[in-house]
Amino acid sequence: MSAGSSGSARGEPVTDAANGGLSRRSLVAGIAAAALLRPSAPRAALGSSAAARLPETPLVVDFAARGRSLGVAGGSIRTLIAKARDVRYLSVYGYTRLVGYDADLVLRPDVLEGYDEDGGRFTFRLRKGHRWSDGHPFTTEDFRYYWEDVANDRELSPGGPPDFLLVDGKPPQVEILDEVTLRYLWERPNPRFLPALAAPRDPLIYRPAHYLKPFHPRHAGREEAEAAAKAQKLRGWAALHNRLDDNYDLANPDCPTLQAWRPRTAGPATRFVFERNPCYHRVDPQGTQLPYLDGILMDVTASGLLTAKTNAGEADLMFRGLMMSDIPSLKEGERAHGYRTNLWPIARGSEIALYPNLTTLDPAWRALNRDRRYRWALSLAIDRRTLNNTLLFGLGTEGNDTVVPESPLFSPELRTLYAIYDPDEAGRLLDAAGLNRRDASGIRLMADGRPVEVVVESDGEAAMVLDGLLLIAEFWREVGIRLVVKPQERTNLRRRSLAGLTVMVAAQGLDLAVPTAIMPPTGLSPAQPDHYAWPRWSLNLETRGRSGEPCDVAEVERLIALNRDWNGTDDAGRQGEIWREMLRNHVENQWVIGTVAGALQPVVTAGHLVNLPERALYSWEPTAMIGVQRLDEVFWDQASERRAEAR
């Protein structure tokens, strides 16, 4: 089934009921979508016009090394999104970066032709002749514009340059050597720099200067820039500049991009059309310019209907918004609608993790949460086998919140230490922690006489977390601990956490669970914000002592020191040692109590869509969902489709 032959994907315009007919915007979007979906002849392998649009040295993708098939250009794919803002995720899984990870998580040049790294000195070489999607040259002026006119403009960036560009609080010296060569220099190594450029959300340290300069006072004059903002009924030039500067959100079709597909639809809309970037820098081994697909169509539908519509064959590629619990329903629709449901392991430390708040303001709970015997006991009291069978069909991995086996930093021992089911030992540890008295209902009593009633707060957005808490409540009840679930809106939960009002939080575990040594140890120390186990220590570090409170637990102070050591070296061997010590510190102290990992992510593809693997790791970081698998190499296998139709 190709998009070109599917009646449901022809892009019929949407009726504007309020106007009693077709809105102009819907009509234009429908015509564009229909044009993209028409079967087209394969593009010639870089004829003269295509060659003019390519860099002098395009990125030639090694298909053979990755077992990929040479493709045929043309056609489009349909996918579904729950809200219009979700179009921005195409900039995540489209995954075009200055440097990016390949499928083996090796960092390689992408948009850059190459780079040299020497301590705190990074020299970037651009591809000569590379162009933005509108045909304008992509040069070091686009980097200069970002650095001088965006990152260091107080109206556009009140907080100054982003943190990964600072070493010891100091920004780099940026040298523009020529049109295709630039250099970033720090006094010390900056090992965060390249991984940040490969992140799921591109930090975009360049901007389309030719497009944005007419709206910047430094280039257009303040009076003209403010007048342009006023004409759009905005408060000032910075608001207009931010609206137009749209390489991540993909809401401005006029903004040039380097991504594989550029937006063609301005919201509000129910269908968003993306068309191939005619100046994209990658080619296949035979010289055919990528992406193979001419377009991507994103249809907005209610989140509760994503699975049903996928099951009905209304998407050619679908993953975000689907869950493991949807697999049986998706499998049922495969034969009737000609799609495949591939199951990709989710690389996450734990699907359900418990975060005792070591910085809670309640003194009795603070003392209890800081008692390692109490945390050990809570872990040993969890029957992870039952959780696995109930929530993950028995297919998950039981144990701590740590990295997955595909990571070179994985240690089998760290998965199971203090993570077996031993309620007797849990009871002994609770007694030793001073919780040896009980009330009439069998619930243990704290030193001040209050029952040990643990209020576990959650953002309520992950259904598996809430389902798991109901089971954990039963396990803990057997050792004399009462668990009370308190769902919260995410923003309010973060606010309460930073204020020290939470006692324990339930959330998903380690996001960066398939790291290599060169990736920053995110989530392993208070040096990273938004960690529910020590939010006020994180706040203190983030604000350089202005808020929160300083860490006063030696084992966590060690984590802070290790994180500082990692930031101070570009020696991958030493970075690996730091990672391993931090991971062991976490497990031995049970700062985060993990349960089960290894959920499966359904990745649904139309039957004749080629070049996505049947199995691969799925994560936000570092794989950018499906990003490292290179969506630009996916194509419609028309010969296979014709054979299927003939049968």
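The figures that follow rest on heavy atoms only: side chains count, while hydrogens, waters and symmetry mates do not. Keep in mind it's a predicted model, so treat the numbers as computed, not measured.
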All side chain to side chain contact (heavy atoms under 4.5 Å, CB included) counterparts of [X], not counting sequence neighbours:
X	answer
E334	K331, Y339, T341
D249	R88, D246
D102	D104, V106, R108

- Sequence neighbours excluded, every pair satisfying ring-ring contact (aromatic ring centres under 6.0 Å, His included) that has a member inside residues 491-532: Y355-H531, Y355-Y532, H531-W534
- Taking only residues at least two apart or on different chains, which pairs with a member in residues 438-473 satisfy ring-ring contact (aromatic ring centres under 6.0 Å, His included)? none
With a 3.5 Å distance limit and no angle check, can you tell me whether [X] reaches the backbone of [Y] through a side-chain donor-acceptor pair?
X	Y	answer
N585	E555	yes
R384	S379	yes
R482	P451	no
S91	Y248	yes
W476	L378	yes
D371	L368	no

Compute whether any side-chain donor of one residue and acceptor of the other, for [X] and [Y], lie under 3.5 angstrom apart.
X	Y	answer
R495	N492	yes
D383	T386	yes
T360	D362	no
T605	R340	yes

Please identify each residue that fulfils ring-ring contact (aromatic ring centres under 6.0 Å, His included) with [X], with sequence neighbours left out.
X	result
W376	Y418
Y89	none
F410	none

- Can you pull the side chain to side chain donor-acceptor pair (under 3.5 Å) pairs that have at least one residue in residues 387-399, sequence neighbours excluded? R385-E398, N388-E398
- Message: Let's go through W344 and F319 carefully: what are the C-alpha distance in whole Å and the side-chain angles of both, what is the deciding distance for side-chain contact (heavy atoms from CB on, under 4.5 Å) to 0.1 Å, and is it a yes or a no?
- Response: CA-CA 10 Å; W344 291 18; F319 48 92; over 6 Å; no
Side-chain heavy-atom pair [X], [Y] within 4.5 angstrom cut-off:
X	Y	result
S411	R580	no
F475	L483	no
V403	P515	yes
D401	H586	no
W579	T516	no
L524	L583	yes
V514	P622	yes
T522	D511	no

- Looking at residues at least two apart in the chain, or sitting in another chain, which of them share a salt bridge (Lys or Arg N to Asp or Glu O under 4.0 Å) with E633?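 Residues passing salt bridge (Lys or Arg N to Asp or Glu O under 4.0 Å) with E633: R66, R68.
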- Task: Go through the structure and list residues passing salt bridge (Lys or Arg N to Asp or Glu O under 4.0 Å) with K486, not counting sequence neighbours.
- Result: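 K486: no salt bridge (Lys or Arg N to Asp or Glu O under 4.0 Å) contacts found.
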- Task: Determine, for R584 against E413, whether the closest basic-nitrogen to carboxylate-oxygen distance falls under 4.0 angstrom.
- Result: yes
- Sidechain N-carboxylate O distance under 4.0 Å for E351, R348: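 Yes, E351 and R348 are salt-bridged.
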- Item | Residue pairs passing the salt bridge (charged side-chain N to carboxylate O under 4.0 Å, His left out) test where at least one lies in residues 516-537, sequence neighbours excluded |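 Sorted pair list: R494-D530, R536-E549.
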- Yes or no on side-chain contact (heavy atoms from CB on, under 4.5 Å) for Q629 and Y95, after CA distance, side-chain angles and deciding distance? CA-CA 9 Å; Q629 301 300 332; Y95 202 61; over 6 Å; no
